[in-house]
Each structure stands twice: as C-alpha cells, then as structure tokens.
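Every chain is numbered from 1, with letters handed out A, B, ... down the list of sequences.
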Amino acid sequence: MSVTAPSPTVMTSAGATSSAQGAAPILSLSGIGKHFPGKEVLKSIDLHIAPGQLMALVGNNGQGKTTLMKLILGLLAPDAGKILINGETAGTSRSTAQKAIFGYLPETTAFYPNLTGQETLRYLSSLKQGGETRITEALAIVGLEHAAKQRIKTYSKGMKQRLGLAQALLGDPKLLLLDEPTNGLDPSGIHEFYQILGQLKAQGVAILMSSHLLAEIEPRSDTIALLKDGIISAHGTVDKLINDAELPSIIKFQKGPRFNEEALDQILQQHTTEKRYLEQSGLFVLTCHPVHKQALLLALLSADRLVGKLIVNDPGLEELFLQLNSGLKIT
Amino acid sequence: MSTSTILFAIARKEFIDHLRNGWIIAVGLAFAVFSLLITFAGFGFTGSVGVGQEQGTLFSLINLVIYLVPLLGLLLSYDGIAGEHERGTLDLLRSYPFNTALLLYGKWLGLFMVLTATLIVGLTAPAAISIYSGHTLQAWTLLLITSVWIGAIFISIAIMFSVLILDRGKLIAIAIGIWLLFVVLFDLGIIGILVSTEGNVPMSLVNLLFYLNPTALYRLLSIDLMMDDAMITQLGLMGQIPPTPALFAAITTWTIIPTAIAGWRISALGK
C-alpha cells in the first residue's frame, strides 16, 4: 500500500517564534571562555540576544549556566572572548550605565529575614535609582501585595522567588538575566510568571533565562541555547532544533477489530519502522523517522480496522535534550 | 543617585536589621549590667563618692571596654560581607548600578551606628548615676567616643577579613583569634619581653610595639584623655604616654587601612 496524500493528520507541539529577530542585539557574546582551577567551564560561547527576545539557556547542572550569567553581569571576568552590551564593548568591570540595563535574579537569594518584603524592595530600589511607585507596581506584578508588610522570615520559598523577580523588575531593566527563575513556584505561579515575562517581552525587554525544566520552557521560549561541554552545542528555535535533530516519532496503537500482524508488517516494511509490542498495555509501539510519519499514519489508518486507538508522540525538547546529552551528533 | 544616598540606604538597612534582631538592646543591656557592677563596686570601695573615685571607676570601665568592645565589634561584623555572600545578596548587589565599594562603606557605617547605639544603651545608666552624684559629663562623653572608636577599628578589621575570606565558619574562628591576639596574648607577650630581659628594654621600643595593637593604643589614649595626673602617676605612666596627636594618628590609621583594603578587594571580586 502506498500513501502519498500530503495533508497532515496529527498536529502536535510547536514552539513560539521570535517576534524580534533582526533587531540589533542588546547583548552579544563571542568566543567567551572561562576556567576555574582544574576545570574549564566555558570554552567558546557565542550568543546574541535581541530586544523582546526570550532565550532559554538549557544544560545539565555544572555546565556553566550560572557562570555564563555572572560573566555577562561582570561578576566574573572571562579568560577569553568579547562581550558587547548595547553594542558597546564591556571590559572586566561593568560601568554603572551598563549595569543599569540589567535585572538579575540569582539562583537562590535569601534576602534579609528581619525586613518586610516592601522594605526590602524600598531598600533595593533606592540602590537602583528607582522610585516608591515602582515598588508597589513590582509587588503587584509578582502578586505579593498581600504579604508586602510581612517580614521575609515568614515567606515561603515561592514568595522569596517572587520577591526576587520583583527586585529584578525594579529600575526598568532592558535585559533580564534569570537563573532558574521558576524554582519553588507552584504551577499557577509558573503560569503567572510566564505571563509577566510575556508582557515584558512585548515592551522590548530581552530575557535570558536558565532552566532545566524543559517541558516548561519549550512552548514559551523564542530560542533555546543548549550548553554542553563548554560550548553552545545547539541553538535556535525549538522547532528548528527538533527538525534538525531528526528525532524519531513514536506511534502507539491498540489492535483494531480486524488486526492482522502480516498486514501490519507489510506496511512497516515500506516505511523503515521499528516495531515493539507491549504485552501489559496491549500496545504496539512504532518508531519511525519523522519524514515517514505522515505516510505511515495514513497507511495505518487506511487499512481496514487494522488499528484501534492511536497516539502519536512527536519528539519535544526533552527528547532533543536527552539525545544531545547522550552525545549523538545532530546535523 | 548620589553616593551619599546609597551609602545611607545601606547603613540604614544594617541598623534596622540589628535593631529588629535584638542585638542593640540585648548586648547594650548586658554591657549596662557589667558597667553598673563596676560603677557600684567603685562607689562601694570607699563608701563615699569623690574625685578619685570617679577616676577609679572610669579606669575600670576603660578595662571593661578593652575586653568587651573589640569582641562586640568583631562579632557584629565578622560576617558583614560573607553573610551577604551566603545569602546570595552579594552577587545581586554587585550587579546593581553602583560601585560595590559603597556596599562595604555603607555597611561599615551601619555597623558603626549599631555599635554606637549599643554602647549608648550600655553606658547611659552608669553615666547617669555618676553625673547625678556630681561628676562631669565630659569624662563619660570621652569614654563613649573612645569606646566607639576602638569598636570601629575592630569593625574595620572584621569587615576586611569578611571580604578576604567570604566563609562564615572560618571567619568566626578568625574573629576569636584576633580578639585573643590583641586583647590577651599581646599584653602577655610584652610582659614576657620585659621579664625575659629583666626590664632592660628601652621604653621607646615598648611604645613602638603599642602601635601594633589598637587596644593598647586605646588604653593609652583613654588614660591620656580621661585620667588626671595623680592617677597617671599612680599607674606609673607619667611621662611614658606618647603624644596625643600620635595616638590619634595611629588609631585613625588602624580604622582606615583595613577598610581601604576591604574596599579595594570587594571591587576586585571575581576578577
């Protein structure tokens, strides 16, 4: 049986695309290297972030995500490479004007237990040249107005994280550097957090965010940069990365009323597909190259009641991440 | 945003933090108990209050200050910057649009205010009793100023180590070590030198050694400023105290140098 019909039958995940491609980058890194005694953390990093762009920095623990952020902020000095902030070369230290564009959320910040949330923001705002009104606004954005007058020692981890985000928003930053920002947030908090980021993006704020919660960042990032072995081993939109990686699609189905193994094998032969049968769940699992997926699906569905319930799993960021980290080459 | 606004914002936050965690009241009251004991003991020895008695009380209080205030300065400040580092706020504030050295100077100023308030709490009661008994405010004011100053030197030293080491566990050990060195071991060392040489050491050399120890400088300065000639003679120090300006210059140097080293170091963090 041959199938040539082109129309897609199953739609699955899709990444958001950048709204600001082509704009002059607010941050450019080229050839950035950094080593600590006995360990080369970053070999040669090239990155460019444009206003209004959300880039997710993905990588296993210890791959240098936090180090890279500290290099951008000037908290560490690179051994090699060049950093441009707003088109201006940044040396080992950041000028006050360069620092003024940053909003930084460190991975963990405990703040000051004896101050209230409002006092903390007032303190930090005065160090960031911000006014009183911005404090109320920042507290409202992160949903902490109700706890503004409570001391931080009574805050939960998620509330501290929200406070951290609120301080990052003070002073109208142009570039947000968020290190594992959704740590400690509950699902509704995460949802609200990305809504806030969406609004900031719309205002032209560039965001570089590190995370290893792939399912969370996949639908929300414009671009993904995968940090591995000291380099950006993959970079682009989620769709592009997945397409480039040619990760296999997985089709699972139950036997239909007129199931016939010979007929199935005949179809599979034509579509370079691996087949497994899961006894417990009674499911057939087919693994095929993405280019064969549509044709295979059509063939399966065209066969007379060969298949029952059918599930298609398209590869996502998580599969991509696993493949990249297992050392398989991507083209 | 002016430098002074940032400086005072940091100092203010530091002060509020220590007011709320109970440090100022708790330590101030403990200090008050010690200083009241000394004051009453001083009055009690003769059963009457006289000029000589005030001198004795002040001298005892100077010794109390030598033992306690350096320790207070060190304990107050040993984790000044290391604490920010552990809390994650040091990196955060280093990313803020102001010179990071201001964080250090602001913190120094805040801790200085905390210590001043603590000593005001600690010295008010004995001073009030003494002044009520007919003594002068001047000596007590001088005692407060010199006490705050010796504390400020140890705040500077502790903050310097806090920036250099950035590890609270090590820093508490260093703080205790510094206190032992300057308050206990140094004097024992000088006594050891005098005994082993049977006193054949020029006084000028001993005086030079005093410049290496801020608490020794404080003792000399306080005696110079607060004790009358009779008391100084009684202490065997007549003609032995270095000139007042030299003492002031020395304690000023002891205050500024560690803070300057810390300021330089904090700006160079991560480089």
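Atom CZ of B:F34 is surrounded by 12 or fewer heavy atoms from other residues, nucleotides or ligands within 6.0 Å. Counting non-hydrogen atoms of other residues, nucleotides and ligands closer than 6.0 Å to OH of B:Y67 gives a total of 12 or fewer. In this structure, A:K82 places its NZ atom where only 12 or fewer heavy-atom neighbours from other residues, nucleotides or ligands lie under 6.0 Å away.
Using a 4.5 Å cut-off between heavy atoms, A:T92 touches chain B through backbone and side chain atoms alike. Proximity to chain A is absent for every atom of B:L90, based on heavy atoms less than 4.5 angstrom apart. For a residue to count as touching a neighbouring chain, one of its non-hydrogen atoms must lie under 4.5 Å from one of that chain's; by this rule A:R122 does not touch chain B. Both the backbone and the side chain of A:S93 come within contact range of chain B, each with at least one heavy atom under 4.5 Å from a heavy atom of that chain. Heavy atoms of B:E84 lying under 4.5 Å from chain A belong exclusively to its side chain. Contacts of A:L124 with chain B are made by both backbone and side-chain atoms, with heavy-atom separations under 4.5 Å. When heavy atoms are compared at a cutoff of 4.5 Å, B:L269 approaches chain A solely by way of its backbone atoms N, CA, C and O.
Pairing each heavy atom of A:Q167 with each of B:L92, the nearest pair is NE2-CD1, 3.3 Å. The two residues A:Y123 and B:L93 make their nearest non-hydrogen contact at OH-CD1, 4.2 Å. Listed here is the closest heavy atom pair of A:S126 and B:I6: O-CG1, 4.3 Å.
B:S95 OG to A:R94 CZ: the interatomic distance, rounded to the nearest 0.5 Å, is 11.5 Å. Note: B:I16 CD1 to A:N114 CG = 10.5 Å, rounded to the nearest 0.5 Å. Distance CG/A:L127 to CZ/B:F98: 5.0 Å, rounded to 0.5 Å.
When atom types are taken as modelled, the side chain of B:R87 and the backbone of A:A110 share no donor-acceptor pair closer than 3.5 angstrom. In this structure, the side chain of A:K99 engages the main chain of B:R94 through a donor-acceptor pair within 3.5 Å. The backbone N or O of B:Y96 lies less than 3.5 Å from no partner atom in the side chain of A:K128, so there is not a single donor-acceptor pair.
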Practice task
Check step by step if side chain to side chain contact (heavy atoms under 4.5 Å, CB included) holds for A:L73 and B:D91.
Solution key: CA-CA 9 Å; A:L73 290 160; B:D91 274 349; over 6 Å; no
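The existence of a salt bridge linking A:E119 and B:R20 is confirmed by a sub-4.0 Å separation between a basic side-chain nitrogen and an acidic carboxylate oxygen.
Ranked by non-hydrogen atom pairs under 4.5 Å with chain A, the options B:G106, B:G88, B:P97 are led by B:P97.
Geometric assessment of B:K13 against the ring of A:Y112 yields a positive cation-pi assignment under the 6.0 Å and 45° thresholds.
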